[in-house]
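Inspection log for the structure reproduced underneath, given as structure tokens.
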Amino acid sequence: MATTETQLMLSVGLIEKDVNGDTLWVWCYPSVGDELREVLLSKCCLTHDGRDFHTFVFGQFSRTWYYITTMEVQEPTALNKVTHFSVVVTAKDFNPEKYAALSRILCRMYVKHGSPVKMMEAYITVLTKGICQSDENGSFLIKDYDVRKAYLAGSVKDVVSQFGMETIILYTALMLKKRIVVHHPRIEALLEFTRVLPALVWHRKDWSILHPYVHLSDAELEDLKKCPGYIAGFVNPEVSNRTDLFDVFVNLPDSTITVSQSAKEAMAMGKLHKDIGQLIVQSAEDAEKSDSQVIKDISVKTKEILANLVALADECEDSKITLEGLKRRHFPPATENFLFHLAAAEQLLRI
């Protein structure tokens, strides 16, 4: 087994809520920085006054992925002073299913033994051997969780059935590396929807742009603003007023997409967009096609656009496109505009 697979895990931690209602970070191996720890505590539903209970959430902060699995303690167990606890795994990779499966095993071990020692042993076994097996708690093999499966786990068809032709706005924003903010009051809906979007630009296979669970805190917004383009999910409706955070705003409960004033020029739509939009909708509505086939159809079209862009660049000095070079081609204005901004996003533009 490739050692790189196991080296993706960074830490395992434990948050507990006791019978007095206090929530504390009680244990970690090997360690987590203070700032990340504060963020993880804010993401853990145990700190939310019991309003919402989320069995599993995931997100990203400061280029570290976190996966939080929360359990209620059912009597009787070794944990007699604990009502709920969360196991927090941090890692370098995006793979929710992998870390949810591992966390469930760690949770069961903690309930049984009432001490983090067995969890740490299991974590180290996974770290060194890529496997952890226990008769009563189930087994876990890292190699069962290919990253491509994680990338393809969401449903592009669901996105298209909700937004139809407007999906082209999301596609264009992603192609141009714009900032997309998505709002839904339910975290589960946010996680499900946002994780699909990077698949619309499959040629990049870049899930680092995904920040599915962001709070309007200074630390998190500062971290977000370091990214040139992103997909950020918020449960707080206040985010709709934060026009400094987005080029495109998606209101999931209302199924609306809004382009901000500042991004309207770059996002202007023309015949090329209409053609791509129709291709996306037709492919997604084809009952015979799986989600991965729809992604492939979109990807084939994207590669065709990029190949044309590279061909244009190759005819220019330093293989970089200029606005003058584009103008000589007499493209329709919206196509010229899109290709100009796409060249900038793909670093094919001469500044």
Test side-chain contact (heavy atoms from CB on, under 4.5 Å), reference Phe85, set Val111, Val26, Thr70, output is Val111
Could you check whether the rings of Tyr151 and Trp207 sit parallel, tilted or perpendicular, using 30° and 60° as the cut-offs? parallel
Exercise. Relative to the ring of Tyr29, is the ring of Tyr123 parallel (under 30°), tilted (30 to 60°) or perpendicular (over 60°)?
Worked result: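 Perpendicular: the ring planes of Tyr123 and Tyr29 meet at over 60°.
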pair [X]-[Y]: side-chain heavy atoms closer than 4.5 Å:
{"X": "Leu326", "Y": "Phe331", "answer": "yes"}
{"X": "Leu106", "Y": "Met120", "answer": "no"}
{"X": "Val87", "Y": "Met119", "answer": "yes"}
{"X": "Leu79", "Y": "Tyr110", "answer": "yes"}
{"X": "Gln162", "Y": "Leu252", "answer": "yes"}
{"X": "Leu210", "Y": "Leu197", "answer": "no"}
{"X": "Ile180", "Y": "Leu174", "answer": "yes"}
{"X": "Glu220", "Y": "Lys43", "answer": "yes"}

Between [X] and [Y], is the gap from one ring center to the other below 6.0 Å?
{"X": "Phe58", "Y": "Tyr66", "value": "no"}
{"X": "His184", "Y": "Phe193", "value": "no"}
{"X": "Phe140", "Y": "Tyr145", "value": "yes"}

Any side-chain donor paired with an acceptor under 3.5 Å for [X] and [Y]?
{"X": "Thr256", "Y": "Asp254", "answer": "no"}
{"X": "Thr302", "Y": "Tyr171", "answer": "yes"}
{"X": "Thr64", "Y": "Ser62", "answer": "no"}
{"X": "Asn95", "Y": "Tyr67", "answer": "no"}

Separation between [atom1] of [X] and [atom2] of [Y], rounded to the nearest 0.5 Å:
{"X": "Ser260", "Y": "Asp244", "atom1": "OG", "atom2": "CG", "result": "10.5 Å"}
{"X": "Ile298", "Y": "Ile280", "atom1": "CD1", "atom2": "CD1", "result": "4.5 Å"}
{"X": "Ile209", "Y": "Lys178", "atom1": "CD1", "atom2": "NZ", "result": "13.5 Å"}
{"X": "Arg63", "Y": "Cys227", "atom1": "CZ", "atom2": "SG", "result": "6.5 Å"}

Atom NZ of Lys264: over 12 foreign heavy atoms under 6.0 Å: yes
* For Lys205, does the NZ atom have more than 12 heavy-atom neighbours from other residues, nucleotides or ligands under 6.0 Å away? ->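 Atom NZ in Lys205 is packed in, count exceeds 12.
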Could you go through residues 305-315 and list every donor-acceptor pair under 3.5 Å that involves a side-chain atom there, pairing it with any protein atom two or more places apart or in another chain?
from, atom 1, to, atom 2, distance (Å)
Asn308, ND2, Glu304, O, 3.3
Glu315, OE1, Arg329, NH2, 2.1
Glu315, OE2, Arg329, NH2, 3.2

Could you walk me through whether Phe94 and Ser208 pass side chain to side chain contact (heavy atoms under 4.5 Å, CB included), step by step?
CA-CA 8 Å; Phe94 169 79; Ser208 72; over 6 Å; no
According to a 4.5 Å side-chain heavy-atom criterion applied to Ile, Leu, Val, Met, Phe, Trp and Tyr, with indirect links allowed, do [X] and [Y] form part of one hydrophobic cluster?
{"X": "Val248", "Y": "Tyr230", "result": "no"}
{"X": "Leu170", "Y": "Phe234", "result": "no"}
{"X": "Leu216", "Y": "Val235", "result": "no"}
{"X": "Phe246", "Y": "Val201", "result": "no"}
{"X": "Leu224", "Y": "Val57", "result": "no"}

Which pairs of donor and acceptor atoms, one on a side chain in residues 342-351, lie under 3.5 Å apart (sequence neighbours left out)?
from, atom 1, to, atom 2, distance (Å)
Glu346, OE2, His203, NE2, 3.4
Glu346, OE2, Arg204, NE, 3.4
Glu346, OE2, Arg204, NH2, 2.8

- With the threshold set at 4.0 Å, does a side-chain nitrogen-carboxylate oxygen contact exist between Lys301 and Asp297?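 Salt bridge: no.
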